[in-house]
Amino acid sequence: MGHNNDVVWEYEVVPSEDIDMSNWKCWTEVAGEVTATYAQGPCPRCDAVVEGVGLGGSVPIEADVATAEEAQRRPIQVHVVCGCKFDHKKEGASGCGREWLIHCRGEAM
């Protein structure tokens with residue numbers, strides 16, 4: 001499915017039940033002491049492929065193995081805003097106006 005520019009711009013916080021997680025992928029990147037979790041997939045309204053980033057998921061160096069493994073299983077919320085670069089019939093807009101949360105888990109990344 002491709003991008004649908006016929007979707008009219010509207011501010012909406014998309015409910016999680018409208019997100020098909022099978023179309024999303026999550027991954028982490030570490031830079032120094034900062035761990036960032038990324039999520040990429042289709043906007044649930046206009047189908048554009050978009051990406052969001054959440055910070056977190058780091059484990060203190062002194063943490064024991066059980067704590068580290070538990071931290072990897074905790075979901076990390078990634079806030080995503082449609083940034084498809086189309087105006088969706090609203091002057092100056094750069095997306096369809098929707099935003100939502102993706103919950104990424106360590107073992108799925």
Side-chain angles (χ1 to χ4, degrees):
M1 206 179 258
H3 178 260
N4 182 355
N5 198 39
D6 292 333
V7 172
V8 177
W9 188 97
E10 176 184 338
Y11 174 73
E12 174 191 16
V13 176
V14 178
S16 59
E17 59 267 12
D18 288 3
I19 315 275
D20 180 0
M21 285 302 295
S22 69
N23 294 318
W24 282 81
K25 65 178 180 176
C26 296
W27 70 96
T28 59
E29 294 181 7
V30 178
E33 295 182 19
V34 177
T35 300
T37 299
Y38 293 86
Q40 183 182 62
C43 171
R45 298 298 183 251
C46 76
D47 292 319
V49 175
V50 294
E51 187 175 291
V53 64
L55 299 177
S58 60
V59 179
I61 292 172
E62 66 276 1
D64 63 24
V65 174
T67 303
E69 289 173 358
E70 170 62 25
Q72 289 300 311
R73 289 190 296 273
R74 281 187 219 131
I76 296 171
Q77 290 186 342
V78 177
H79 179 241
V80 184
V81 176
C82 181
C84 66
K85 299 187 173 62
F86 288 86
D87 66 7
H88 288 277
K89 301 172 180 57
K90 180 178 180 176
E91 187 176 332
S94 62
C96 71
R98 278 55 172 207
E99 63 180 89
W100 59 96
L101 290 175
I102 295 294
H103 297 264
C104 296
R105 292 191 179 273
E107 66 269 12
M109 289 186 255

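Both backbone and side-chain heavy atoms feed into the values below; hydrogens, waters and symmetry mates do not. Count residues from 1 along the sequence.
If you take CZ on Phe86 and CG on Asp6, they are separated by 11.0 Å, rounding to the nearest 0.5 Å. Here the straight-line distance linking atom CD of Glu99 with atom SG of Cys43 works out to 11.0 Å at 0.5 Å rounding. Separating the CH2 atom in Trp27 from the SG atom in Cys104 is a distance of 9.0 Å, to the nearest 0.5 Å.
Within a 6.0 Å radius of NZ in Lys89, more than 12 heavy atoms belonging to other residues, nucleotides or ligands are found.
Both Val50 and Val78 are members of a single hydrophobic cluster when ILVMFWY side chains are connected at heavy-atom separations under 4.5 Å. Tyr38 is not connected to Val49 by any chain of hydrophobic side-chain contacts under 4.5 Å among Ile, Leu, Val, Met, Phe, Trp and Tyr, and they are in different clusters.
Annotation for Arg98 and Val8: closest pair NH1-O, 3.1 Å, computed over non-hydrogen atoms. The shortest heavy-atom contact between Asp20 and Ser22 is OD1-OG, 2.6 Å.
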Stepwise disulfide bond (SG atoms under 2.5 Å apart) test for Cys46 and Cys96: CA-CA 7 Å; Cys46 76; Cys96 71; 4.1 Å; no

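Taking the six-membered ring for Trp and thresholds of 30 and 60 degrees, His88 and His3 have ring planes more than 60 degrees apart, a perpendicular arrangement. By the 30° and 60° cut-offs, the orientation of the rings of Trp24 relative to Trp100 is perpendicular.
Screening Met21, His79, Gln77 for a side-chain contact (heavy atoms from CB on, under 4.5 Å) with Ile102, the sole residue that qualifies is Met21.
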